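Written below as C-alpha cells is the structure these notes are about.
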Amino acid sequence: MSNQDRETPRSMVTNSTDWGGPADTSPRPLGGVASNPHAKYQSPLVSRYASPEMSFNWSELKKFTTWRRLWLYLAKAEKNLGLSISEEQIGEMEAHLTDIDFERAVVYEKQCRHDVMAHVRLFAECAPAAAPIIHLGATSCYVGDNADLIIIRDAIDIVLPKVARCIQRLAVFAAEHRALPTLAFTHYQPAQLTTVGKRACLWVSDLCRDLVALQRFRDELKFRGAKGTTGTQASFLALFEGNHDKVEILDRVITELAGFKDSYIVCGQTYSRKIDCELLQTLSGLGVSVHKTCTDIRLLANQKEVEEPFERDQIGSSAMPYKRNPMRSERCCSLARHLLTLPADATATASVQWFERTLDDSANRRIVLPEAFLTADILMATLQNVTEGLVVYPAVIERHIAAELPFMISESIIMDMVKAGGSRQDCHEQLRVLSHQAGAVVKEEGGDNDLIQRIKQSAYFKPIHGTIDKVLDPRLYIGRSPQQVDKFLEVEVKPLLKPYSHVLKEISELQL
C-alpha cells in the first residue's frame with residue numbers, strides 16, 4: 001500500500017479539540033490587554049529579580065527628569081555667561097522638572113519620530129516662558145549621552161557597595177574556616193588538601209579584582225558636556241560670538257553641575273562608544289567571578305560539604321520532596337552567562353560608528369546598558385544572600401578526606417621508611433601494589449579505602465607500624481593555607497573594603 005492510500009487512524013489525529021484544548025490557537029491578543037499588566041511581556045530582570053533602586057535608575061522617570069535637569073543646567077550656565085535668559089524662564093524650568101506626561105510624550109514622538117524633540121515640546125508646554133531657550137545651542141546627544149553617563153555613574157554607585165558586601169561576607173567565611181581541611185581538586189580529581197577558608201579566598205580574590213576594576217572605571221568616567229552637533233562646539237561658539245573662553249566655561253560649569261570632575265575634550269556627536277565596550281567588559285568580569293564561585297558552591301552542594309541557605313518552606317523539586325537544590329547559585333550562573341554575552345553587543349556597535357556618529361547604536365544601547373546593570377545588580381544581591389547563609393558540614397568533609405588521604409600520604413610513608421633504613425625504590429613499589437589493590441576495592445567492590453589496613457598488615461612496613469597513625473592527621477597536609485588566609489585578608493581585603501565600611505551591614509533580601 002502506498003503512503004497516499006494509507007488513512008490516518010482517528011486515534012492519531014492531534015487536533016487540539018480532541019484533547020480537551022482550545023481549537024483556536026492563533027496569537028491574537030485577548031480582551032482587556034490594555035488594563036491587564038500580565039497581558040504584556042515584562043523583562044524578568046525587573047519583574048522578578050532586580051532591586052528597586054536599580055530598576056528606578058533605568059526607568060523612564062529617571063531618564064526624562066535627568067533630561068530636564070540637563071536643560072536647566074544649560075540654561076543657567078548660558079544665562080550666567082551673558083545670554084538673554086530671564087529668572088522667570090529659569091524658575092519655570094525648575095518648577096517642572098518631574099511632572100512629565102508620558103502618554104503625551106508618546107503622542108508627540110509618533111508625530112515627529114524624534115524622542116528628544118518630543119520632550120522639548122512637552123517641557124515647553126509645562127514652561128511656556130522658557131520655550132524659546134530650552135535646548136538652546138544643543139544637539140540631541142547633549143541630553144541623550146549626558147543622561148546616559150549620569151545614569152551609568154549612578155548605576156555603578158549602586159553596584160559597588162553590593163560587590164563590597166559580597167567580598168566582606170566571604171572574607172568572614174574564609175576567616176572562620178581558615179584551618180578546616182578539605183579536599184582540593186585539580187581536573188575535578190582529588191588533589192593535595194587545602195582548607196575551606198583558603199578556597200573561599202580564591203572567590204574573594206576574583207571579586208576584589210572586579211571591585212578595583214569597577215571603581216577605576218567609575219573614577220575615570222567623564223562627562224560629554226556641551227560639545228554641539230559634531231563635537232566641535234560650533235553652535236556654542238556662535239551663541240557667544242566667537243568667545244572661546246565662554247564656551248570653555250559653559251562646558252566646565254555644566255559638567256560640574258552634573259557632578260562630574262571632567263568632560264571628554266574630544267568627541268564626535270556622541271561620547272566614544274569604546275567607553276561602553278570598557279564598561280561592559282568590566283561588568284562581565286563580575287559575571288565571570290560569580291559564575292565560578294557559584295559553580296563551585298553547586299559542586300560542593302552535590303558532595304553535601306557546603307550548602308547555600310535553604311528556607312524552611314522552600315521546595316527543591318515538585319516530584320522529589322527530598323531535594324535541596326542550590327537554586328540561588330543556579331540562578332547566578334544562569335544570569336552570569338547572560339551578562340557574559342553583552343560585551344559583544346557593545347564591541348560590535350563601537351566598531352561600526354561611522355565618522356562622527358551613526359544612529360544604529362541607539363536601539364541596541366537602550367537594551368544592552370540597562371540589562372548589563374540590572375543583571376550585575378541581581379547577581380551581587382543574590383550572591384550576597386547566598387554568602388550570608390552558607391552552611392558547612394565538617395563531618396562530611398572529614399569522611400571524604402578519609403577516603404582519599406591514604407593515597408595522598410604515600411610520600412610521607414616513603415620518607416618515614418627511608419628514615420627507618422628502607423629503600424626508597426622498594427618502598428615505592430610496595431606502595432604501588434597495595435594502592436592498586438585498595439583502589440580495586442573502592443572501584444570494583446564499592447568498599448572503603450583500606451590502604452592503611454593493608455600497610456599495617458604488611459611485614460615490609462613493620463618498622464613504621466607504630467607511627468603510621470600520626471601521618472593520618474589532615475592538618476599535616478594543608479600547607480600554609482591558614483597563614484595565607486590571614487595575610488590575604490589583612491593585607492589585601494581589609495584595606496580594599498575600608499571605603500565601604502559604612503555600607504557593609506546591609507542584609508540582602510531577595511524577592512524570589
Side-chain angles (χ1 to χ4, degrees), residues 56-154 222-229 231 233-241 243 245-261 263 267 269-271:
F56 171 75
N57 190 62
W58 291 98
S59 68
E60 288 193 339
L61 182 60
K62 170 71 177 279
K63 175 180 178 178
F64 294 125
T65 54
T66 301
W67 282 15
R68 291 192 176 186
R69 291 183 189 281
L70 286 164
W71 281 319
L72 176 63
Y73 299 157
L74 179 63
K76 282 185 171 182
E78 289 174 337
K79 177 182 184 299
N80 290 337
L81 288 168
L83 294 189
S84 181
I85 297 173
S86 69
E87 285 295 336
E88 179 191 3
Q89 290 172 315
I90 297 296
E92 272 197 354
M93 294 174 75
E94 288 179 328
H96 296 282
L97 294 176
T98 60
D99 54 341
I100 299 173
D101 187 337
F102 290 99
E103 292 182 2
R104 198 169 182 84
V106 170
V107 172
Y108 289 162
E109 186 174 353
K110 283 184 177 179
Q111 291 174 353
C112 65
R113 296 294 178 183
H114 199 291
D115 57 349
V116 173
M117 287 309 300
H119 279 269
V120 167
R121 180 178 175 183
L122 190 67
F123 197 17
E125 288 181 352
C126 296
I133 55 92
I134 293 173
H135 200 65
L136 182 60
T139 187
S140 298
C141 286
Y142 169 73
V143 288
D145 272 34
N146 281 327
D148 285 346
L149 290 165
I150 290 170
I151 292 168
I152 286 169
R153 177 199 64 196
D154 293 350
K222 297 180 182 180
F223 204 50
R224 178 188 178 275
K227 296 299 193 296
T229 305
Q233 298 177 305
S235 58
F236 297 111
L237 191 62
L239 278 174
F240 293 111
E241 299 178 346
N243 189 321
D245 290 340
K246 286 190 174 182
V247 176
E248 289 272 358
I249 293 170
L250 176 77
D251 199 10
R252 185 173 68 250
V253 168
I254 291 171
T255 296
E256 292 173 354
L257 286 172
F260 284 80
K261 294 179 180 179
S263 66
C267 68
Q269 187 173 93
T270 69
Y271 70 80

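Just so it is clear, the model here is predicted, and its values are computed rather than measured.
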State, to 0.1 Å, how close Gly225 and Asn146 come at their nearest heavy-atom pair, and which atoms those are.
-> N-OD1, 2.9 Å

Under the side-chain contact (heavy atoms from CB on, under 4.5 Å) rule, what do Glu109 and His119 come out as? Steps first, then yes or no, please.
-> CA-CA 8 Å; Glu109 186 174 353; His119 279 269; 5.7 Å; no

Using salt bridge (Lys or Arg N to Asp or Glu O under 4.0 Å) as the criterion, list what pairs up with Lys76, not counting sequence neighbours.
-> Glu94

Counting only N and O atoms by type, is there a donor-acceptor contact under 3.5 Å from the side chain of Arg224 to the main-chain atoms of Gln269?
-> yes

If we only count heavy atoms from C-beta on, is the Trp67 to Ile100 side-chain gap below 4.5 Å?
-> no

Taking atom CD of Glu125 as the centre, report whether more than 12 heavy atoms of other residues, nucleotides or ligands fall under 6.0 Å from it.
-> yes

Say whether, by atom type as modelled, one donor and one acceptor occur between the side chain of Thr139 and the main chain of Thr229 under 3.5 angstrom.
-> no

Please confirm whether the backbone N or O of Phe240 pairs with a side-chain atom of Lys246, one donor and one acceptor, at under 3.5 Å?
-> no

Spell out, as yes or no, whether a donor-acceptor pair under 3.5 Å connects the side chain of Asp145 to the backbone of Thr270.
-> no

Which pairs would a plain distance check flag for residues 128-135, meaning a side-chain donor or acceptor within less than 3.5 Å of a matching protein atom at least two apart in sequence or in another chain?
| from | atom 1 | to | atom 2 | distance (Å) |
| --- | --- | --- | --- | --- |
| His135 | ND1 | Trp71 | NE1 | 2.8 |
| His135 | NE2 | Ala138 | O | 3.4 |

Over 60° means perpendicular and under 30° means parallel, so classify the ring planes of Phe102 and Phe64, tilted if in between.
-> tilted

Closest heavy-atom pair and its distance - Phe236, Glu78 | CE2-OE2, 3.8 Å

Does one side chain, of Arg104 or Tyr108, offer a donor that lies under 3.5 Å from an acceptor on the other?
-> yes

Set of side-chain hydrogen bond (donor to acceptor under 3.5 Å, both in side chains) partners for Glu60, sequence neighbours left out | none

Tyr142 side chain to Leu70 main-chain N or O, any donor-acceptor pair under 3.5 Å?
-> yes

